[in-house]
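Protein chains get the first letters and strands the later ones, always in sequence-line order, with residue 1 at the start of each.
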Number of protein chains: 2
Amino acid sequence: MSTRRDAVRQTLSESSGFRSAQDLYADLRADGSKIGLTTVYRALQALSDSGEIDVLRNDDGEAVYRACGTESHHHHLVCRVCGTAVEIEGPTVESWAAETGAKHGFTDVTHTVEVFGTCPRCSS
Amino acid sequence: MSTRRDAVRQTLSESSGFRSAQDLYADLRADGSKIGLTTVYRALQALSDSGEIDVLRNDDGEAVYRACGTESHHHHLVCRVCGTAVEIEGPTVESWAAETGAKHGFTDVTHTVEVFGTCPRCSS
DNA sequence: CGCGTTTTGACAATCATTTTCGTTTTCGGC
DNA sequence: GCCGAAAACGAAAATGATTGTCAAAACGCG
């Protein structure tokens, strides 16, 4: 059965930015769902395990999730006011990270990149 | 008075990688200090406020700190096995982030970049 | 319709971090 | 050296996100 998981996935997809678990839970309840907080966490974990969504931590240490349009490796440009995220790609960064890692003798190099700013709508 | 703060700073400086607050606290107590956990947190907060140390979150949502050799903007290449961090610079990335943000109309663009890998010592 | 399996959700437990609050220490005068 | 205000301490309680527990409910299936 995956009704609940789908509900979580859908709610997340309808959002344009990163959402916290608590946040999504509130949304779901507001929509009349009788879903429990535990289930929201389980759904989010399952979704991130299967690679359907991205997880990262905000500065408060809260886990935030996002359903991405593409499954390939990419980064985000996030508005620090409204949270809206734009998916971006940076071949430049990819290769720079790989080279830098290699230069120091590191192997299995991975990286995380997040770009923050104020989006046009929020800055006006 | 800043004896305690100095003790925290020093313990942090002696470490080569990112350390968590709990971790540092354990170290200090092990060294015979009667410092309290509260004070460790206060010291770390004060140090990060003054820009003397870097803070970021690990995947567990725990805050980790690091005393950096330079105060200018830079990033880290962190060994995922032993935690050792190398300070790195990436002019390429800096400008890429700025350009990408601007291209989408974002203002006040900042970014976070962390590169992970396995260091030479740990991979052998 | 029963039966074993899976999913759910209320509630308790965890754990890092923060607050609270009374006590101790530091310091600039005197 | 001594005094009082202000800053620093630290123990213990509070907080808040996340996870674990476990019994009840929904499902698939014969």
D:dC9 OP1/OP2 closer than 4.0 Å to side-chain N/O of B:T39:
no

Separation of C:dC15 C1' from B:R57 CZ (nearest whole Å):
13 Å

If hydrophobic clusters are built by linking Ile, Leu, Val, Met, Phe, Trp and Tyr wherever their side-chain heavy atoms come under 4.5 Å apart, do B:V55 and B:L37 end up in the same one?
yes

Considering just the side-chain nitrogens and oxygens of A:Y41, establish if one lies under 4.0 Å of OP1 or OP2 belonging to D:dT19.
no

Measuring from the side chain of A:E62 (C-beta onward, heavy atoms only), which nucleotide among D:dG20, C:dA16, D:dT18 has the closest atom?
D:dT18

Between CG of B:D49 and C1' of C:dT18 the distance, given in whole Å, is 14 Å

Decide yes or no, distance alone: a donor-acceptor N/O pair under 3.5 angstrom between the base of D:dG20 and the side-chain of A:R42.
no

Ignoring hydrogens and angles, does a donor from either the side chain of B:T38 or the base of D:dA11 sit under 3.5 Å from an acceptor on the other?
yes

Does a sphere of radius 6.0 Å around CG in B:D49 hold more than 12 heavy atoms from other residues, nucleotides or ligands, not counting ones at 6.0 Å or beyond?
yes

Separation of B:L37 atom CG from C:dT20 atom P, in whole Å?
17 Å

Have a look at B:I35 and say if it touches a base, only the backbone sugar-phosphate, or nothing, with a 4.0 Å heavy-atom cut-off.
sugar-phosphate

Atom CG of A:L56 to atom P of D:dT18: distance rounded to whole Å?
12 Å

Can you confirm whether B:H111 sits close enough to B:E94 that some side-chain heavy atom of one is under 4.5 Å from a side-chain heavy atom of the other?
yes

Rounded to whole Å, CG of A:D60 lies from P of C:dT17 at a distance of 12 Å

Is a side-chain donor-acceptor pair under 3.5 Å present for B:W96 with B:T100?
yes

Less than 4.0 angstrom between a side-chain N/O of A:Q45 and OP1 or OP2 of D:dT19, yes or no?
yes

So which of residues 20-33 of chain B are in contact with DNA chain C, with a heavy-atom cut-off of under 4.0 Å?
B:A21, B:Q22

Between atom CG in A:L44 and atom P in C:dG9, what is the gap in whole Å?
14 Å

Ion pair B:E87/B:R66, N-O distance below 4.0 Å
yes

Without decimals, in angstroms, what is the distance between A:K34 NZ and D:dA26 C1'?
17 Å

Between the side chains of A:R121 and A:T84, does any donor sit under 3.5 Å from an acceptor?
no

Of A:T11, A:V8, A:L12, the residue whose pairing with A:D27 passes side chain to side chain contact (heavy atoms under 4.5 Å, CB included)
A:T11

Under 4.0 angstrom between A:R4 side-chain N/O and D:dA26 OP1 or OP2:
no

